[in-house]
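Take a look at the structure below.
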Amino acid sequence: MDTGYARRYSHLYAHHWWWRAREALIVAELRRRRPPQGWPRILDVGCGDGLFFPRLRELGGAVEGVEPDAAMLPETSRGRADIHTQAFETFRPTSRYSLILMLDVVEHVHDAEGFVRHALELLQPDGTLLITVPAFAALWTNHDVINRHVRRYTKRSFAALAARAGLRIDRARYFFHGLFFAKLAVRGVERVARRASAPAAVPPAWINRSAYVACRLEQRLLGGLAIPFGSSLLVVGGRASVA
């Protein structure tokens, strides 16, 4: 990840409408799927500074994270003790997890199949894996370059990856539907004007609040519909084989 972006990430996560709306959607999805006693052991892969940990603790027991980029972990990090600073591919815990999250992580990985397969190896037989990724190659912009993305996914391309990795998909849905068209417009401007995207920043308060409210309204009204487009993809599933 870009070093400057890593330094700004905590502020963006706490205040930017996109991060706030994504967190709300993920928490709602997890609450619907939460076992009666919660998830005893939760792992957040690519967890950054552990900013999602407090919400995850509401849904279960112990929460851990894996973050390969030390720049994401300032010395003042409150969750540092529960974060393993290493590449996920080399992470070998002593016991499995009941819930594993990969929130906008897989798109950074060249061997995405092996990455997801490793997550399934760390998952309990009846555990849940939740993944979000950016959607549609047609929405590729300089934002993807800045964030060092390798690819964007569709339901079909992710289903093919899941089949190879041994992931059973229980639900796959696009979200941020309105943002799909906004990103198409940005791509068009970039191609015509040859203008690079600026790094993400929190917009003025009224824009930030309006965008958040619009996204939350969209999620409530359209969340149950199989809308065939969106700027992001959510996948929830588990191990295809419990042997």
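Source: prediction; values computed, not measured.
For the atom pair Leu217 CG and Leu222 CG, the distance stands at 8.0 Å (nearest 0.5 Å). Here Ser232 contributes atom OG and Asp104 contributes atom CG; the two are 5.5 Å apart, rounded to the nearest 0.5 Å. If you take NE2 on His143 and NZ on Lys183, they are separated by 5.5 Å, rounding to the nearest 0.5 Å. Between Arg34 atom CZ and Thr128 atom OG1 the span is 12.5 Å, to the nearest 0.5 Å. The line from CG of Leu234 to CZ of Phe158 is 10.0 Å long, rounded to the nearest 0.5 Å. In this structure, OH in Tyr9 is found 11.5 Å from CG in Asp69, a value given to the nearest 0.5 Å.
Geometric assessment of Arg20 against the ring of Tyr13 yields a positive cation-pi assignment under the 6.0 Å and 45° thresholds.
Between Val66 and Leu43, some side-chain heavy-atom pair lies under the 4.5 Å cut-off. No side-chain heavy atom of Phe88 sits under 4.5 Å from any side-chain heavy atom of Val105. Looking at heavy atoms from C-beta onward, Phe175 lies out of side-chain contact with Ile26 at the 4.5 angstrom threshold. Using a 4.5 Å heavy-atom cutoff, the side chains of Leu130 and Leu103 are in contact. With contacts defined as side-chain heavy-atom distances shorter than 4.5 Å, the pair Leu179/Trp18 qualifies. Under the 4.5 Å side-chain criterion, counting only non-hydrogen atoms from C-beta, Asp49 is in contact with Leu73.
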### Task
Would you sort out whether Leu12 and Val202 count as a side-chain contact (heavy atoms from CB on, under 4.5 Å), showing the intermediate values?
CA-CA 6 Å; Leu12 290 169; Val202 178; 4.1 Å; yes
### Query
Would Tyr153 and Val106 count as a side-chain contact (heavy atoms from CB on, under 4.5 Å) if you check the C-alpha gap in whole Å, the side-chain angles of each, and the deciding distance to 0.1 Å?
CA-CA 10 Å; Tyr153 290 89; Val106 175; 3.8 Å; yes
### Task
Could you walk me through whether Arg31 and Leu59 pass the side-chain contact (heavy atoms from CB on, under 4.5 Å) test, one step at a time?
CA-CA 7 Å; Arg31 282 177 174 163; Leu59 301 165; 3.7 Å; yes
#### Entry: Verdict with supporting geometry, Glu58 and Arg55, salt bridge (Lys or Arg N to Asp or Glu O under 4.0 Å)
CA-CA 5 Å; Glu58 298 172 5; Arg55 301 304 306 273; 3.3 Å; yes
### Query
Taking it one step at a time, do Trp17 and Arg209 satisfy side-chain contact (heavy atoms from CB on, under 4.5 Å)?
CA-CA 7 Å; Trp17 63 268; Arg209 179 63 182 171; over 6 Å; no
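Side-chain N or O atoms of Glu67 include none that pairs as donor or acceptor with a backbone N or O of Met72 at under 3.5 Å. Listed for the Gln219 side chain is a donor-acceptor partner under 3.5 Å among the backbone atoms of Ala21. In this structure a side-chain-to-backbone donor-acceptor pair under 3.5 Å is present from Arg41 to Arg96. The backbone N or O of Ala201 lies less than 3.5 Å from no partner atom in the side chain of Arg8, so there is not a single donor-acceptor pair. In this structure a side-chain-to-backbone donor-acceptor pair under 3.5 Å is missing from Glu23 to Phe52. In this structure, the side chain of Arg173 does not engage the main chain of Val235 through any donor-acceptor pair within 3.5 Å. Checked by atom type and distance alone, the side chain of Asn208 never pairs as donor or acceptor with a backbone atom of Pro203 at under 3.5 Å. The backbone N or O of Val109 sits less than 3.5 Å from a side-chain atom of Arg151, completing a donor-acceptor pair. No donor-acceptor distance shorter than 3.5 angstrom exists from the side chain of Asn147 to the backbone of Asp144, with no hydrogens or angles considered. Side-chain atoms of His84 do not come within 3.5 Å of backbone N or O of Gln86 as any donor-acceptor pair.
By the criterion of side-chain heavy atoms lying less than 4.5 angstrom apart, applied directly or through intervening Ile, Leu, Val, Met, Phe, Trp or Tyr residues, Leu51 is not grouped with Val45; the two fall into different hydrophobic clusters. The hydrophobic cluster containing Val116 does not contain Val236, counting ILVMFWY residues as joined when their side-chain heavy atoms lie under 4.5 angstrom apart, directly or transitively. Residues Ile227 and Leu221 share a hydrophobic cluster, clusters being chains of Ile/Leu/Val/Met/Phe/Trp/Tyr side chains in contact below 4.5 Å. Two different hydrophobic clusters hold Leu233 and Leu101 under the rule that ILVMFWY side chains link at heavy-atom gaps under 4.5 Å. At a threshold of 4.5 Å between side-chain heavy atoms, the hydrophobic network of Ile, Leu, Val, Met, Phe, Trp and Tyr places Leu122 and Leu99 in two separate groups.
Scanning all heavy atoms of the two residues, the minimum distance from Leu139 to Ser231 falls at CD1-CA, 3.7 Å. Of all heavy-atom pairs between Ile42 and Leu56, the closest is CD1-O, 3.6 Å. In this structure, Arg22 and Thr132 approach most closely via the heavy-atom pair NH1-OG1, 4.1 Å. Nearest heavy-atom pair, Cys47 versus Gly65, reported as atom, atom and distance to 0.1 Å: SG-CA, 3.6 Å. Shortest non-hydrogen contact noted between Trp39 and Leu30 is CH2-O, 3.3 Å. Closest approach of Ile169 to Ala162, counting heavy atoms only: CD1-CB, 3.7 Å.
In this structure Phe136 satisfies the ring-ring contact (aromatic ring centres under 6.0 Å, His included) test together with Tyr174, Phe180, sequence neighbours excluded. Contacts of Gln124 classified as side chain to side chain donor-acceptor pair (under 3.5 Å), with partners at least two apart in sequence or in another chain: none. Applying the side chain to side chain donor-acceptor pair (under 3.5 Å) criterion to Glu113, with sequence neighbours excluded, gives Arg117, Arg164.
Using a 3.5 Å distance cut-off with no hydrogens or angles, the side chains of His118 and Arg92 do pair a donor with an acceptor.
Counting heavy-atom neighbours within 6.0 Å of Arg156 CZ, excluding the residue itself, gives a total of 12 or less.
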